[in-house]
Each structure stands twice: as structure tokens, then as C-alpha cells.
Amino acid sequence: MSLSRNIDEAAPAPSQALVERYGGPAPRYTSYPPANHWSAQVGEAELHAALARADASPAPLSLYVHLPFCAQMCRFCGCNVIATRDRSRPDGYLDVLELEADHWAARLPSRRRYRELHLGGGTPTFLSVEQLQRTMAIVDARFTREPGAELSIEIDPSATSVEQIEALARLGFTRISMGVQDLDETVQTAVGRRHSQKTLGRMVQAARAAGFRSVNIDLIYGLPYQTVPGFLVTIARVLEHSPDRLALFGYAHVPELKPNQRLMPQAALPGPLLRAALAAEAGRLLCDRGYRHVGFDHYALPDDDLARAAEEGRLSRGFQGYTTQQPGDLVGLGVSAISDVGGLYAQNHHRLSHWTNAVQTGHLPIERGWLRTAEDKARGEAIAEVLCSERLDGERLRQRHGPSADFLEAALDSLAPLEDDGLVLIRGLRLNVRPRGRMFLRRIAQAFDAHAPAPREQRPAAAGI
């Protein structure tokens with residue numbers, strides 16, 4: 001069976017019947033199991049053992065640094081953020097971050113090289129040029145940068161200066177991701193995030209002039225007052241700046257978990273069918289303009305590394321979403337940061353006071369974690385293959401994982417209704433996602449998740465489309 005993946009083709013808009021059947025919530029699967037299933041019973045002892053295993057590997061690390069500060073809290077935000085106007089607050093935070101980096105480096109005496117680093121937040125450019133320089137000095141004093149290492153950062157275009165862009169380039173950053181969300185003024189007012197196309201253009205131009213080789217722009221669909229025509233206008237305006245990549249993220253409304261989202265006008269949120277139309281029509285416009293469909297929420301120009309990786313079957317998925325880097329050990333620094341080392345997921349404390357106290361008393365600040373079993377690894381590989389390749393070779397998976405892949409038959413059988421609706425094609429242990437199924441890719445991947453709830457138990461934690 002062969003149903004080739006066409007990355008030039010956008011997913012068609014689904015019917016209302018399909019949205020009602022398969023458009024429910026599903027995890028983004030940046031890990032398996034997803035973080036909401038991790039346990040507080042996994043602690044520092046398990047992390048130390050995992051680090052001993054990781055230290056024996058010859059492969060370079062990946063690093064993530066969480067910088068949680070923002071000048072204000074956006075209403076849509078689901079990140080771990082500290083809203084403050086005090087520009088000196090990062091100084092004390094960096095003092096603790098330096099201690100934490102010491103703790104990690106001491107546990108990885110033979111594993112100090114890193115191949116990629118990402119600064120996330122919050123708004124990393126809340127930090128001044130001097131504070132950003134100090135952040136990188138903390139990292140590079142304890143870990144050695146591989147030649148050609150990829151350094152990336154997230155920014156808010158309205159909260160970043162040209163001086164900061166130029167400083168980041170001098171520090172070695174080559175990829176930049178700009179959170180735009182939407183350029184419609186009514187939508188911006190509703191979500192509490194205002195910036196102009198002129199500001200965006202100035203930041204893109206500054207990044208190009210400084211030597212950044214890749215510019216990504218993040219957009220969000222499913223926000224209050226969005227319409228298909230209005231969202232297409234936003235995309236057309238964004239495309240005037242020729243970004244190398246675009247991410248179209250679906251807004252997840254979880255006010256019970258994120259109190260700031262209670263300020264959103266809930267009655268103005270798009271329903272499931274409009275959400276699906278926003279995603280589908282946006283994807284169609286991007287493909288019409290020459291972008292390639294990389295994954296369920298990413299598009300890239302044909303000569304971008306991400307598009308080439310998708311075309312050549314080298315795409316991977318991690319905590320930052322789709323990536324060209326192959327899976328490996330990840331060290332996360334900072335409050336709420338996630339690490340993946342020696343087969344163990346470990347998340348730092350979410351509360352700044354708890355993270356600070358743990359670090360200052362000599363501990364790695366783990367709040368919860370998960371030690372992956374052989375079956376977890378097999379299921380995670382199946383989910384990643386579906387999300388990255390839009391297909392699954394279950395026979396090859398079984399050869400690699402043996403009895404740990406015994407879930408395959410039942411998982412594929414559960415997708416029979418989707419096959420009847422023309423979303424997937426199943427032959428034996430092989431699965432291909434049809435073009436109509438792209439809009440439901442996370443729902444398809446969910447079939448391989450042992451923790452997935454029955455449909456009636458699902459919560460709106462992360463909308464599937």
C-alpha cells in the first residue's frame with residue numbers, strides 16, 4: 001500500500017459531520033505520554049539515575065531556557081508567565097538560573113556539548129541586551145557550543161528593539177520566531193495583544209539585516225471575533241514579509257487552568273466548524289502562495305530546512321513542535337522548564353518560589369516526571385511517525401519493539417470509522433492518512449495513546465482543530 005504524502009497540498013475544509021465526529025480535543029503530543037499524565041511521585045532520585053545514563057551518551061545535548069517575564073499578561077496566553085513592569089526582576093532570576101545550571105553541569109561531567117538551544121517564555125526580549133548577554137554567558141560557561149549549533153528565540157515584535165535583534169545575532173542566534181497571533185484590530189483588542197504590521201515589518205527587516213537565516217511567524221486561529229475573510233487578510237499581510245516558516249496554532253480555551261483567559265469574550269469564540277474553516281482556508285492560502293504543508297500546524301518555504309526534512313522523511317517532533325533535529329537528550333533550565341534525559345521526562349517547579357528554594361538548597365528543582373517504559377517508547381514512536389510522516393509502518397515498528405508494540409492491532413481497529421469516512425487507509429499494520437484526514441491528524445494519532453479518554457470523558461484542554 002502506498003499513498004504518497006504531498007506537502008504542496010493543503011487539507012480540504014471538513015464537513016460539519018466530520019467536525020462533529022472527530023473534531024474534539026486531542027493532545028499536541030510534544031511528548032508521550034503528554035505532561036498532564038506525569039507524576040509527582042517521580043522525583044530527584046529518579047532524575048539523578050537518568051542523568052547518570054544520559055552522561056554515558058556521546059551525543060550532544062539540546063538546551064532550553066525558560067525566561068518567564070512579560071510586561072503584561074495576554075488574555076489568550078497558556079504559558080507560565082510572570083507579568084511585571086520591573087525590568088530588574090530578571091537579574092535575581094538569572095542568579096538562580098546560574099545555580100541551576102551548575103547543578104545540571106555537575107551531574108553531566110562528560111556531556112557538556114550542545115547542538116541546539118532555545119530561549120522561550122514569557123517574552124525573552126523582556127530582558128535587556130545586558131541580561132540576554134548574561135543568560136548566554138551562564139550557558140556557555142557550563143556547556144560547550146557545537147560548531148554549527150542552532151540557536152533560536154521567541155519574541156513579541158511589539159516588545160523587542162532593533163538593538164536586541166542585533167545583539168542576539170552577535171550572540172549566535174540564527175532562528176527567530178515572532179508571535180503575531182492576528183493583525184485584526186478587533187481580535188487584538190479582545191486578546192490584549194496589540195501590534196501593527198509596520199512593527200512586524202521592522203522586526204523582520206532587522207532580523208534579515210542582522211543575519212538571521214530563518215524567520216518564523218506564529219499565528220493563532222480560534223480567537224474571539226475571528227472570521228475566515230479577516231484571518232485570510234492577516235495571513236496576506238504577514239506574507240508581505242516573506243517569512244521562512246509559519247505556525248498556525250489552535251487556541252485552547254482553558255480558563256479553569258489559566259485564569260487570565262476568563263477575560264476573553266467567550267461568546268465571541270469561534271465554534272468547531274468555524275475553527276476548522278479558519279485552519280483549512282489559511283492552509284489553502286499558504287499552499288497557494290508556495291508554502292509547504294509540514295505538519296498539522298506548520299508551513300514552510302520549499303528551501304527551508306523544515307520543508308526539506310518533511311519531504312525527505314526526516315522530520316521529528318519535540319517540546320518545541322516540529323524540528324529537523326533527531327530526538328536526543330534535552331536539558332531544560334528555569335521555572336517550569338522540561339527536560340528529557342536518560343528516558344525520563346522531568347518538569348521543573350511551576351511556582352517561582354518553589355523553583356528558587358529548590359535550587360538554592362542544592363537540588364534539581366523537579367516537580368513531576370515520567371520514566372518511559374518500553375511500551376511508552378513504542379507508542380510515542382507510533383504517534384510521532386503519524387504526526388511527522390502522515391503514515392505508519394506498523395510492521396517495522398513491531399520489528400523494532402517486539403511485544404511492546406502489541407497495541408498496534410487494537411489501535412488500528414479503533415480507526416475503522418475514520419477509514420469508512422475516507423480519512424485514513426489501513427492495510428494490515430500499515431496506515432496512511434488521506435488528504436481529508438489531515439485536519440484530524442491529532443485525533444488519528446490519539447488512537448495509539450493508552451491514556452486517551454473515551455470520547456465522553458474528553459475535556460476541552462486542547463482543541464483538535
Side-chain angles (χ1 to χ4, degrees), residues 2-15 18-19 22-23 28 177-178 180-184 200 204 214-223 226-251 270 273-315 317 321-324 386-391 422-425 432-445 463-465:
S2 177
L3 187 65
S4 61
R5 180 185 180 191
N6 181 4
I7 65 174
D8 297 315
E9 181 182 1
S15 67
L18 289 177
V19 171
Y22 308 120
R28 290 180 52 79
S177 184
M178 303 185 183
V180 171
Q181 324 320 347
D182 199 308
L183 289 173
D184 182 275
L200 174 61
V204 173
S214 180
V215 174
N216 175 80
I217 292 178
D218 291 342
L219 301 174
I220 294 180
Y221 65 91
L223 296 175
Q226 281 182 330
T227 65
V228 170
F231 197 47
L232 294 183
V233 168
T234 281
I235 292 177
R237 293 168 68 188
V238 165
L239 292 183
E240 291 178 19
H241 306 294
S242 302
D244 302 279
R245 302 177 184 177
L246 286 101
L248 298 178
F249 295 120
Y251 169 64
L273 193 60
L274 178 52
R275 285 177 61 98
L278 287 164
E281 293 304 314
R284 180 193 57 76
L285 176 57
L286 290 171
C287 288
D288 286 348
R289 296 291 184 90
Y291 285 80
R292 304 292 177 86
H293 177 271
V294 172
F296 64 82
D297 55 11
H298 277 64
Y299 295 81
L301 289 173
D303 59 351
D304 185 85
D305 292 346
L306 205 64
R308 288 200 295 266
E311 196 164 25
E312 297 167 7
R314 297 183 290 103
L315 203 62
R317 190 159 176 81
Y322 288 104
T323 175
T324 61
V386 170
L387 295 180
C388 293
S389 304
E390 298 182 2
R391 61 171 61 90
L423 305 184
V424 298
L425 181 65
N432 278 99
V433 178
R434 292 182 178 274
R436 293 180 68 197
R438 277 184 170 174
M439 291 294 296
F440 306 101
L441 201 57
R442 287 156 60 188
R443 166 64 181 83
I444 295 166
I465 53 175

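Every value quoted in this text rests on a predicted model; they were computed, and no experiment measured them.
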Side chain to side chain contact (heavy atoms under 4.5 Å, CB included) between R28 and R442: does it pass, once the steps are laid out?
CA-CA 7 Å; R28 290 180 52 79; R442 287 156 60 188; 3.8 Å; yes
Please report the shortest heavy-atom distance between [X] and [Y], naming the atom on each side.
{"X": "I235", "Y": "A282", "result": "CD1-CB, 3.2 Å"}
{"X": "P302", "Y": "G290", "result": "CD-O, 3.3 Å"}
{"X": "V433", "Y": "I444", "result": "CG1-CD1, 4.0 Å"}
{"X": "A309", "Y": "T324", "result": "CB-CG2, 3.9 Å"}
{"X": "G422", "Y": "R436", "result": "O-CB, 3.9 Å"}
{"X": "F296", "Y": "R317", "result": "CZ-NH2, 3.2 Å"}

Could you tell me whether a side-chain N or O of [X] sits under 3.5 Å from a main-chain N or O of [Y], the two making a donor and an acceptor?
{"X": "T234", "Y": "L183", "result": "yes"}
{"X": "D244", "Y": "V215", "result": "yes"}
{"X": "E281", "Y": "L278", "result": "no"}
{"X": "Y221", "Y": "L274", "result": "no"}
{"X": "H293", "Y": "G295", "result": "yes"}
{"X": "R443", "Y": "G23", "result": "no"}

What I'd like to find out is whether the side chain of [X] reaches to under 4.5 Å of the side chain of [Y], using heavy atoms alone.
{"X": "L441", "Y": "L387", "value": "yes"}
{"X": "D305", "Y": "R245", "value": "yes"}
{"X": "C287", "Y": "Y299", "value": "yes"}
{"X": "L315", "Y": "S389", "value": "no"}
{"X": "R434", "Y": "V424", "value": "no"}
{"X": "V204", "Y": "M178", "value": "yes"}
{"X": "E390", "Y": "N432", "value": "no"}

[atom1]-[atom2] distance between [X] and [Y], expressed to the nearest 0.5 angstrom:
{"X": "Q181", "Y": "I217", "atom1": "CD", "atom2": "CD1", "value": "11.0 Å"}
{"X": "Y322", "Y": "L306", "atom1": "OH", "atom2": "CG", "value": "9.5 Å"}
{"X": "T323", "Y": "H298", "atom1": "OG1", "atom2": "NE2", "value": "9.5 Å"}
{"X": "Y251", "Y": "R275", "atom1": "OH", "atom2": "CZ", "value": "9.5 Å"}
{"X": "D184", "Y": "L223", "atom1": "CG", "atom2": "CG", "value": "10.5 Å"}

Verdict with supporting geometry, T227 and L232, side chain to side chain contact (heavy atoms under 4.5 Å, CB included)
CA-CA 9 Å; T227 65; L232 294 183; over 6 Å; no
The test is side chain to side chain contact (heavy atoms under 4.5 Å, CB included); show your working for L248 and L286 and say whether it passes.
CA-CA 11 Å; L248 298 178; L286 290 171; 3.9 Å; yes
With a 3.5 Å cut-off and no angle check, do the side chains of Q226 and D182 form a donor-acceptor pair?
yes
Using 4.0 Å as the upper bound for N to carboxylate O, is an ion pair formed by D304 and R292?
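No, R292 and D304 are not salt-bridged.
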Could you walk me through whether L219 and L246 satisfy the side chain to side chain contact (heavy atoms under 4.5 Å, CB included) test, starting with their C-alpha distance in whole Å, then the side-chain angles of each, then the deciding distance to 0.1 Å, before giving a yes or no?
CA-CA 7 Å; L219 301 174; L246 286 101; 4.1 Å; yes
